[in-house]
Amino acid sequence: MGVHNSINRGKEITLTIDGKKCKSTFGKTILEVARENDIYIPTMCYLSKVKPIASCRMCVVNVEGVEGTILSCQEKATDGAVITTNNSELYTERQNIMKLYNVNHPLECGVCDQSGECDLQNKTMEFDVAEQPFTTKEPHRPIQNWGHVSYDAGLCIMCEKCVRVSTEITGDEALQLHFGGYSSTILNVKQEKNYASLGEAAAVCPVGALVDTHFKYRANAWELEKIPSSCPHCSVGCQMNYEVRHDKIYRMSNEAEFTSLCGAGRYGYDYANHNVSKDTKAFEDAVDAVKNAQSILFAPHISNEEALILQKIKEQTGAKLICGEARGYQKFMQAYASVTGKKLFGGTLKGISESKAVIVFGTRINDDAPVVKYHINMASKWHRARVAYMHPLEDAEMKNIVTQFIKYEPQSEEGVAALLVEMLLRNVDVSQNVKAFLDDLDIGNLSAESNVGEEELEALRKSMLKKEDFSLVIGADLYAHPRAEQIAKILALVEKYAGFNVVCVPPAGNAMGVSLICELDDKATGKTVGYNVEADVVLSALGNGDLDMPALNQQEGTITTVDKRVVPMHVAQPYGGYVLNDIANALGLYAEYTIDYTKTLPVEKGFKAVEFDALPDYFDSVGNEHRGYLLDVCHTEVEEMFEEVDEIDAFDGAVVYICNPKDQFSAFTNLCEPLKEEPFLLGSSQFATATKLSDADKVTFEIDGVTFKRVFKIDTSMKGTIALNPTYDMGLSAPLVSSYRFSKVKMMQDKKRGS
Amino acid sequence: MGLEQFKNRNVGTQNYTMVDAGHSPQGAMCQFKQVVKRTFKGELFVGLWVTMRSMIKALFANDMHTVKYPLEKLPISPRYRAIHDMLRLLESGHYRCIGCGLCEKICISNCIAMDTRYDENQRKEVSEYTINFGRCIFCGYCAEVCPELAIVHGPRYENASQQRAGFSLFEDMLTPIDKLNLQQEYDGFGAVSPNADENIKQTPLAY
């Protein structure tokens with residue numbers, strides 16, 4: 001894990017650990033080198049994905065020539081060091097630490113949820129602590145319910161892992177330490193918020209102090225079968241395991257030592273299409289419908305293999321393939337590639353976490369892709385990175401990491417992109433074309449129209465002086481923008497000439513995979529068939545269509561992630577109905593299983609001809625990811641053709657912004673009980689004044705032909721005249737909403753009774 | 001000592017000693033005589049008298065040597081492993097099971113199924129518990145592993161039923177709350193049967 005290796009000077013070193021010669025590079029800690037070489041050093045508080053906590057002192061080692069013991073988790077390995085990791089003295093010291101951890105620890109392993117996967121249990125056994133030799137007066141510490149997780153201070157060993165995770169990884173900063181000797185506890189300072197991201201803290205808890213509330217006391221660790229998979233909700237595709245017993249998912253876990261899950265990933269698992277049997281009549285009708293369909297509409301929440309099947313059906317029947325969100329992304333990336341010469345963006349999430357400055361543009365990132373926000377947070381916490389957040393709407397949840405908020409008017413993104421690029425490429429050698437384009441920009445006018453002050457960008461430029469390793473995070477606002485292609489070309493210059501780690505976060509689910517595999521069309525015509533989308537004939541995994549389809553936790557397949565990785569998903573829930581492959585087979589294609597298509601994914605788009613069953617899915621002992629494979633870099637022709645920046649027609653007045661709350665992504669997450677939340681049209685009091693709405697008013701409006709009936713709610717943390725409108729509760733209609741995320745809508749206020 | 005004698009398996013060549021078993025009667029007359037002689041011996045009536053005496057004692061003196069099963073049953077050894085019992089705490093009457101799942105885990109015939117949940121009193125509550133007696137082999141591991149002495153083997157050994165698989169629910173096995181005072185504590189492995197004293201006889205010294 002490169003987290004601690006930022007000062008990796010790359011110098012080769014050799015050291016001896018327990019008589020074994022170990023080769024490594026300078027900058028790694030003794031513990032990391034030991035783990036690389038499969039040498040075991042016991043730890044209690046060490047968590048690979050955060051900075052060393054150094055609260056347990058279990059990892060002590062002896063270094064020849066150094067008096068006393070040394071903490072191997074935070075001491076850098078030096079060339080020629082001779083290290084002993086275990087002898088009778090160190091054993092006694094560790095045993096004493098375990099005796100102290102066991103002071104008053106309740107002997108309730110029989111009912112404790114952590115029993116069976118408890119670090120304290122394991123180490124107590126390992127160091128042969130057969131009794132509790134020390135006790136103390138126990139203060140009254142009741143169990144606290146914090147919503148998604150519960151905290152039992154009596155079981156807490158104060159290792160601080162949860163606090164570090166909530167600070168360094170998820171960035172909600174809800175957990176803090178309360179010092180007080182034996183009565184030290186963990187405090188939740190944001191109890192009113194009920195962060196699902198605290199699930200991440202529960203996942204790293206080595207004991208049963210922090211557990212998922214809905215899972216508490218429902219099953220034992222050893223009864224649950226772990227089914228490794230990847231999270232299909234957003235484009236990040238995090239590693240996760242379904243924990244299943246009696247065909248029921250009890251909870252989600254992940255390789256918490258190395259990776260993280262957001263709230264939706266951790267609690268959004270119960271969306272399977274249950275109790276489906278083969279309905280032959282409906283199947284035959286569906287096959288006929290697909291055969292005769294002129295357009296196939298689908299949501300981007302499908303696997304790569306299903307996308308390929310749809311593409312093959314298109315080739316067979318000539319139907320149009322419509323997937324609005326993926327289409328926007330596809331066009332954006334094609335334009336982007338025409339500048340960089342590579343089919344995909346060059347950045348990675350790890351690159352973001354190692355940056356010294358991050359610019360976020362065109363996305364409400366904490367809601368769109370929480371795990372990307374986690375990586376921005378890591379950069380902020382580990383490297384004190386400057387975080388510039390460019391968006392028309394400020395995000396209160398990002399305030400603790402954003403160093404500069406740059407506000408612009410909706411629909412002025414093209415101008416903002418041009419201003420940004422002009423600023424970043426000011427002292428960089430660029431090609432003739434680009435130079436001409438940049439010189440032609442009317443900075444003053446753009447600045448005035450988009451409302452981005454020149455001095456704001458100047459401040460950003462200054463803050464980035466004398467630093468290197470920068471990231472640019474681009475989001476879904478831009479893909480659906482009417483001038484998306486031009487914006488893509490402009491921003492591609494940042495990757496090409498300014499050397500930024502640019503990440504274009506795909507707008508939804510497997511939008512990246514779909515955009516690579518399918519030849520998508522813009523507009524639907526004639527008879528339509530929808531796959532998880534409202535249409536004439538609907539195939540639905542939500543259980544409300546003409547033919548049932550399996551949800552993504554009921555089928556095997558791969559998805560493509562923002563890290564340009566093709567990762568496998570496995571079956572966690574039984575399914576008895578028909579799948580898309582059956583329809584394809586009935587249309588004359590032939591594959592026994594959907595995953596037979598894995599090896600035929602298009603190689604020219606970067607996929608590899610690998611069998612599904614040959615895809616690896618694990619992390620090695622030092623946290624290197626071996627999940628699926630990385631897409632190959634594909635080159636395309638470079639043509640730096642720029643149009644003039646279009647007249648900016650910025651919105652003013654009351655505007656609605658399509659945005660789901662951070663624990664909701666789609667109709668699938670909406671089915672999950674732990675994530676249930678009421679959908680509101682959220683706006684500031686300023687918005688309320690501008691639209692003459694008051695709290696709890698019912699309004700009706702229409703976006704992209706979808707009618708929204710919403711209750712308006714004033715959110716005091718918001719400012720400005722832009723309201724947030726979610727789509728996760730819209731079921732099959734949600735994927736139809738795929739135009740530019742900001743829209744001026746006509747609000748019809750429902751008549752109040754009695755007035 | 002060599003092993004040759006053991007390796008010699010050719011039994012045909014060994015020397016047998018014939019036992020003197022008397023003579024069988026020769027001819028039909030001799031056989032008839034033997035039958036009459038054996039039938040009309042005085043001992044016949046001795047035997048009939050013994051039976052008669054026992055019958056009279058059983059009928060009129062209420063002195064019987066057999067157990068009138070199923071009206072009567074012998075006390076059973078605590079080591080006997082019959083249908084499980086779920087015990088309660090004597091003070092509170094709450095069931096002892098804490099839902100740790102060890103019995104389910106250790107069960108080698110996979111016949112125990114349980115579900116637990118978080119109850120209002122912040123306890124781990126057993127919401128479902130069944131034992132499939134069509135599968136149970138009465139090995140006793142569940143009782144042995146139970147940390148709370150909650151599941152024990154009871155004395156109910158009559159498991160004839162009309163179906164091959166019979167289930168028992170938690171409530172069926174649980175001590176009825178009104179019979180809490182009659183709840184038998186499990187004496188542990190190696191305990192003697194409750195009527196052990198009665199069964200004690202003097203060691204016969206001379207045969």
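Protein chains get the first letters and strands the later ones, always in sequence-line order, with residue 1 at the start of each. What you see is a predicted model, and the numbers here were worked out from it, not measured in a lab.
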About how many Å separate CD of B:Glu104 and CH2 of A:Trp222, when rounded to the nearest 0.5 Å? 9.5 Å
May I ask you to test the A:Arg245-B:Asp115 pair for a side-chain heavy-atom distance under 4.5 Å? yes
Does CD in A:Gln191 sit with more than 12 non-hydrogen atoms of other residues, nucleotides or ligands closer than 6.0 Å? yes
Less than 4.0 Å between a side-chain N and a carboxylate O, is that true for B:Asp119 and A:Lys216? no
Considering residues, nucleotides and ligands other than B:Met64, do more than 12 of their heavy atoms fall under 6.0 Å from its CE? yes
Between the NE2 atom in A:His214 and the CZ atom in B:Arg117, the distance rounded to the nearest 0.5 Å is 15.5 Å
Determine, for A:Glu108 against B:Arg123, whether the closest basic-nitrogen to carboxylate-oxygen distance falls under 4.0 angstrom. no
Any chance you could measure A:Cys112, atom SG, to B:Ile98, atom CD1, to the nearest 0.5 Å? 11.0 Å
Taking side chain as everything from C-beta outward and backbone as N, CA, C, O, which of these in B:Glu148 sits under 4.5 Å from a heavy atom of chain A? Side chain, backbone, both or neither. neither
B:Gln163 atom CD, over 12 foreign heavy atoms within 6.0 Å: no
Any side-chain heavy atom of B:Gln122 within less than 4.5 Å of one from A:Ile143? yes
Heavy atoms of other groups near B:Lys57 NZ, more than 12 under 6.0 Å: no
Evaluate whether atom CG of A:Asn275 has more than 12 neighbouring non-hydrogen atoms of other residues, nucleotides or ligands under 6.0 angstrom away. no
Tell me whether B:Asn181 at atom CG has more than 12 heavy atoms from other residues, nucleotides or ligands lying less than 6.0 Å away. yes
Could you report the tightest heavy-atom contact between A:Gly110 and B:Cys100, atom names first, then the distance? O-CB, 2.7 Å
Is it true that, when you exclude A:Lys190 itself, more than 12 heavy atoms of the residues, nucleotides or ligands shown sit nearer than 6.0 Å to its NZ? yes
